[in-house]
Amino acid sequence: MRKPCMAANWKMNKTTGETRAFLDEFIPLVQDVKNVDIVVAPPFTSIHAAAALLAGSHIRLSAQNLFHEEKGAYTGEISPAMLTDAGCSHVIIGHSERRQYFKETDEMLNRKVRIARKHALQVIFCIGESLEEREAGKTFEVLNREIGEGLKEVSPEGIIVAYEPIWAIGTGKTATTEQAQEAHYSIREKLAALYSNAAAQEIRILYGGSVTPDNIDALMRCADVDGALVGGASLKADSFSKIVKFNTDYKQ
Ligand code: 13P
């Protein structure tokens with residue numbers, strides 16, 4: 001059985017003070033939750049402060065990005081060793097905002113995944129189609145390419161996939177449960193082809209895109225939805241804790 005995972009992607013939000021205030025409120029709200037993996041991804045500048053507050057807790061710390069080299073003359077970049085040193089166990093790679101605004105290619109993302117795994121970081125690898133691609137009937141082609149290229153020569157351990165249809169991110173327009181399940185099922189089939197059926201059954205596939213406390217239960221009822229990568233609704237401790245405490249009856 002795949003353990004559900006709920007991850008907060010704060011994107012470019014929260015100073016260190018705001019990070020501390022969130023965690024002071026959030027940690028007690030979820031301290032009894034044992035059957036869900038909880039991950040928080042603050043901006044780089046808040047990772048150190050978050051690590052201090054999360055020491056000894058079961059909440060895991062993620063970065064939102066990393067660079068695909070070990071060290072050197074790469075002004076402004078952050079290496080995998082810097083992330084593990086700062087207390088991260090996870091890293092988000094391939095978010096559509098990175099692909100779109102920072103022109104990160106499948107090949108660059110594959111290098112990022114490989115170096116992250118070399119440093120034993122758990123990778124939350126994001127994929128998803130644009131509205132244009134969906135309307136052109138290219139959804140599965142895009143998902144297959146992003147998985148095939150991004151996870152090339154990467155073993156399945158330590159990989160979490162996040163399906164984030166770009167048209168659902170920050171728009172309030174969630175994928176229907178049918179759309180989510182159909183995409184997640186096809187992603188798992190692709191993972192089975194890439195690895196093995198057994199490996200694909202173990203990999204968690206999170207849904208992302210306008211997830212809220214109101215729609216999480218329906219999404220989690222989908223057989224292949226194993227959790228969520230949450231943007232806007234993860235910025236408030238109260239709403240993210242409600243997502244973490246979704247109705248687990250469907251996943252026991
Ligand atoms: P929203 O939950 O704000 O739609 O963002 C989703 C997302 O991009 C998480 O990585």
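Heads up: numbering here begins at 1 and tracks the sequence. Every number for a ligand or one of its atoms is a count from 1 in the order of the listing. Values below: all heavy atoms of this structure, side chains included; hydrogens, waters and symmetry mates excluded.
- One distance of note links NZ of Lys112 with CG of Asn65; it measures 3.5 Å at 0.5 Å rounding.
- Every pair passing salt bridge (Lys or Arg N to Asp or Glu O under 4.0 Å) that includes a residue from residues 232-241 is listed here, sequence neighbours excluded: Asp238-Lys242.
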Can you list every pair where an N/O of ligand 1 is under 3.5 Å from an N/O on the protein?
unit_1   : atom_1 : unit_2 : atom_2 : d
ligand 1 : 2 (O)  : Gly231 : N      : 2.9
ligand 1 : 3 (O)  : Gly232 : N      : 2.8
ligand 1 : 4 (O)  : Gly170 : N      : 2.6
ligand 1 : 4 (O)  : Ser210 : N      : 2.7
ligand 1 : 5 (O)  : Lys11  : NZ     : 3.3
ligand 1 : 8 (O)  : Lys11  : NZ     : 2.8
ligand 1 : 8 (O)  : His95  : NE2    : 2.8
ligand 1 : 8 (O)  : Glu164 : OE1    : 3.4
ligand 1 : 10 (O) : Asn9   : ND2    : 3.0
ligand 1 : 10 (O) : His95  : NE2    : 2.9
ligand 1 : 10 (O) : Glu164 : OE1    : 3.2
ligand 1 : 10 (O) : Glu164 : OE2    : 2.9

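- A side-chain donor-acceptor contact under 3.5 Å links Ser46 and Thr19.
- Of the inter-residue distances, the one linking Asp106 atom CG with Arg111 atom CZ reads 14.0 Å to the nearest 0.5 angstrom.
- With values rounded to the nearest 0.5 angstrom, Gln179 atom CD is found 11.0 Å from Cys222 atom SG.
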| task | Go through Cys5 and Leu206 one step at a time and tell me if the side chain to side chain contact (heavy atoms under 4.5 Å, CB included) criterion holds. | result | CA-CA 7 Å; Cys5 174; Leu206 316 183; 3.9 Å; yes
